[in-house]
Amino acid sequence: MEIFLRILLSTSCLLLVVFMVDCSPPENHIKCSSANTNCTITNSYGTFPDRSICQAANVAYPTTEEELISIVAEATRARRKVKVATRYSHSIPKLVCPDGQNGLLISTNYLNRTLEIDAQSMTMSVESGVSLRQLIDEAAKAGLALPYSPYWWGLTIGGLLSTAPGGSKDGYAKVRRLNETNSSELDAARVSLGVLGVISKVTLQLQPLFKRSISYVVKSDTDLGDQVASFGRQHEFADISWYPSQGKAVYRVDDRVSSNTSGNGLYDSIPFRSTLSLGLAVIRATEDTQESMKDPDGRCASAKLITSALIQMAYGLTNNGLVFTGYPIIGYHNRLQSSGTCLDSPEDALITACPWDSRIKGEYFFQATFSISLSVVKNFIQDVQKLVKMEPRALCGLEQYNGILMRYVKASSAYLGKEDDALDFDITFYRNKNPAKPRLYEDILEEIEQLAVFKYGGLPHWGKNRNLVFSGALEKYNKGGAFLRVKEKYDPLGLFSNEWTDQVLGLKGEVSIIKEGCALEGLCICSQDIHCAPSKGYLCRPGKIYQDARVCTLVSTPEQ
């Protein structure tokens, strides 16, 4: 059976890597039963961490700032809960859910215009629904570049000019223009969690368009803890892909070069391309089988095959937009900084799709993403390596999702931004469709999360993560209180908040939900056996190296 599964997985992985063509674009994550009323909303993955689908009375699609202001004013007058929805909704937590069934969703789908580009001052003004891809393309046409951006271009732009609730003297909607002259409020708005109001326009300071040189270098992870701090200082766009169970790390050597340097490279990330739905179904079925059979060897074989293919294909980099012929990859910044081609394809009846499209049997995963200060990150990495030494196959599952992506982030003046120069750890791993089923080596992954968040003070990525990573989060921000004061000023009625954001910000209760099985979903940290799956042999126990951790550990295998 094991040999059969490995052959099956080998076939499925080839499908994943090779057959990437036009696909069905993602569906609208807002669905209404009658026109724009009686609506539900989820994220692009089709599910929130607690598996709920949120409800709203109706959705509005403003096309101008004037319409947006009118909609906010009317909602404020009626004291209705309001949340803003973007085109693809990639936030994993419940940031987009209005409380109750009477809430209003405001979609920025049609607030998607570039308003002005000033080549002389190198500024660009856009509406808030403009996607990262649009921004990159429009800026490049003017010879400009957004220097730093996420790798996924299906995000929309937020920024400097927001519309927040007001009182009757403001016509129930107050327009606030944020810039360096009111920097305290700007620093609150830079990371706002959507609780300050609706962003309508953004003005960005850009740079002249430039070229980059990229090479991936595969090394042993033996000295990874010593290397991470210096590597980030040596290369402007550095990152590291870490495969702990394989004992290797892939360093991205990535710097600016002269615009006269020959090359027209392109980045088309393989995980972000359209993929045959049949191939995705085979991969998912294999994962499910490996989990149900508790087959770590199969997972490790899968991981090696997938990571080897990604490395051989340069993760989707090509020298000329067509083929990869070798390093370095030289090209203009706008062609290398971000990708996501599965979003732009014509409808093909779901023969192909984005790998995570909830309409097909494809990827279904958790993500844990946190930042750890460079001053302590070496110790965190060494702790993870200790766990791997004790359980060498434990992290093969996340290597099937391309391991741990480590990205460098600078300290920010944003009240809810990074407190120090830090390293982001982006971890994606299998989620079971059945919430009552524990995962293979669940305790190791939970101990890593708790190490990061509690022992090393890791800060959460606000758009990812399960509740576990948000526990006590606001207390870690020196200016968390200042953010709450701006929130009170901008939205005194709390119309742009919901139960989840109130919990995360420490205003009402805790983010953890204590109930049987809650730890299996990362909705709580177990304190009793009943929080795990005692009937399946999973009990709440201390971590292997971090005794303060509480994780669901397989203690015994129940008789069949």
Side-chain angles (χ1 to χ4, degrees), residues 44 86-91 108 112 114 117 122-160 189-192 199 201-214 232 235-241 252-257 259 265-273 315-317 329-344 354 367 369 371 402 405-414 416-418 421-426 461-464:
S44 63
T86 59
R87 169 64 181 91
Y88 299 113
S89 188
H90 274 282
S91 289
T108 61
N112 59 359
T114 299
I117 300 177
M122 292 190 291
T123 58
M124 182 175 181
S125 297
V126 299
E127 292 179 321
S128 62
V130 164
S131 71
L132 179 58
R133 183 185 186 182
Q134 288 176 267
L135 175 65
I136 290 169
D137 289 348
E138 292 298 316
K141 291 175 184 176
L144 300 173
L146 180 70
Y148 310 108
S149 69
Y151 293 157
W152 167 248
W153 69 28
L155 306 174
T156 57
I157 305 303
L160 305 179
R190 280 182 169 134
V191 184
S192 70
I199 297 168
K201 298 178 183 176
V202 181
T203 299
L204 297 160
Q205 183 69 57
L206 305 178
Q207 296 181 4
L209 187 60
F210 55 90
K211 277 190 167 183
R212 286 161 58 179
S213 170
I214 303 175
H235 305 287
E236 183 176 3
F237 303 102
D239 71 27
I240 304 170
S241 294
R252 179 171 172 144
V253 179
D254 190 348
D255 296 287
R256 300 189 194 213
V257 294
S259 293
L266 179 69
Y267 180 45
D268 183 8
S269 173
I270 292 172
F272 296 163
R273 296 180 190 177
Y315 296 93
L317 286 167
I329 303 290
I330 309 292
Y332 281 103
H333 179 61
N334 63 299
R335 289 170 57 85
L336 297 174
Q337 67 186 103
S338 188
S339 65
T341 51
C342 74
L343 294 180
D344 302 321
C354 291
Q367 282 189 308
T369 303
S371 302
N402 199 27
L405 176 61
M406 301 156 64
R407 297 173 292 183
Y408 292 88
V409 290
K410 295 289 291 182
S412 170
S413 62
L416 299 185
K418 308 306 179 187
D421 290 351
L423 198 62
D424 258 6
F425 291 79
D426 199 330
H461 184 304
W462 293 106
K464 299 183 181 180

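- Ring centroids of F237 and Y408 are separated by 6.0 Å or more, keeping the two rings apart.
- Here S91 pairs with nothing under the side chain to side chain donor-acceptor pair (under 3.5 Å) rule; sequence neighbours left out.
- S269 places no side-chain N or O within 3.5 Å of a backbone atom of G316 that could act as its donor or acceptor partner.
- The side chain to side chain contact (heavy atoms under 4.5 Å, CB included) check on S412 picks up A414, with sequence neighbours excluded.
- Listed by chain and number, the residues in a side chain to side chain contact (heavy atoms under 4.5 Å, CB included) with Y88 are P26, H90, L343 (sequence neighbours excluded).
- Atom-to-atom distance recorded for Q207:CD and H333:NE2 is 8.0 Å, nearest 0.5 angstrom.
- The side chain to side chain donor-acceptor pair (under 3.5 Å) test applied to S125 returns T203, not counting sequence neighbours.
- The CG atom of D426 lies 3.5 Å from the OG1 atom of T369; values are rounded to the nearest 0.5 Å.
- Of all the heavy atoms in W153 and G340, the pair that sits closest is NE1-O, 3.0 Å.
- In terms of the ring pair (Phe, Tyr, Trp, His ring centres under 6.0 Å) criterion, residue partners of W462 (sequence neighbours excluded) are, by chain and number, F470, Y477.
- For D268, the salt bridge (Lys or Arg N to Asp or Glu O under 4.0 Å) test picks out R273, with sequence neighbours left out.
- Heavy atoms only, all atoms of each residue included: A238 and G232 are closest at CB-CA, 4.4 Å.
- For R252, the salt bridge (Lys or Arg N to Asp or Glu O under 4.0 Å) partners two or more places apart in sequence, or in a different chain, are D254.
- When every heavy atom of T156 is checked against every heavy atom of S128, the shortest pair comes out as CB-O, 3.5 Å.
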Side-chain donor/acceptor pairs under 3.5 Å, residues 132-144, sequence neighbours excluded:
from: R133; atom 1: NH1; to: D344; atom 2: OD1; distance (Å): 3.4
from: R133; atom 1: NH1; to: D344; atom 2: OD2; distance (Å): 2.1
from: Q134; atom 1: OE1; to: S131; atom 2: N; distance (Å): 2.9
from: Q134; atom 1: OE1; to: S131; atom 2: OG; distance (Å): 3.3
from: Q134; atom 1: NE2; to: N112; atom 2: O; distance (Å): 3.1
from: E138; atom 1: OE2; to: K141; atom 2: NZ; distance (Å): 3.3

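- Side-chain atoms of Y267 and I214, non-hydrogen and from C-beta on, never get closer than 4.5 Å to each other.
- For S371, the side chain to side chain donor-acceptor pair (under 3.5 Å) partners are K418, D424, not counting sequence neighbours.
- The two atoms that bring L423 and F425 nearest to each other are O-CD1, 3.4 Å, heavy atoms only.
- Residues satisfying the side chain to side chain contact (heavy atoms under 4.5 Å, CB included) criterion with R335, sequence neighbours excluded, are N264, L266.
- The side chain to side chain donor-acceptor pair (under 3.5 Å) test applied to H235 returns D255, not counting sequence neighbours.
- Heavy-atom minimum distance, L336 versus G331: CD1-O, 3.5 Å.
- In this structure, the side chains of P147 and R256 come closer than 4.5 Å at one or more pairs of heavy atoms.
- Under the rule for a side chain to side chain contact (heavy atoms under 4.5 Å, CB included), the partners of Y332 that lie at least two apart in sequence or sit in another chain are L209, K211, N334.
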Inset, instruction - Decide yes or no on side chain to side chain donor-acceptor pair (under 3.5 Å) for Y148 and E236, but give the supporting numbers first. - result: CA-CA 10 Å; Y148 310 108; E236 183 176 3; 2.5 Å; yes
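- Side-chain contact between I157 and L204: present, with at least one pair of heavy atoms (C-beta onward) separated by less than 4.5 Å.
- Taking every heavy atom of both residues into account, V257 and S213 meet most closely at CG1-CB, 3.6 Å.
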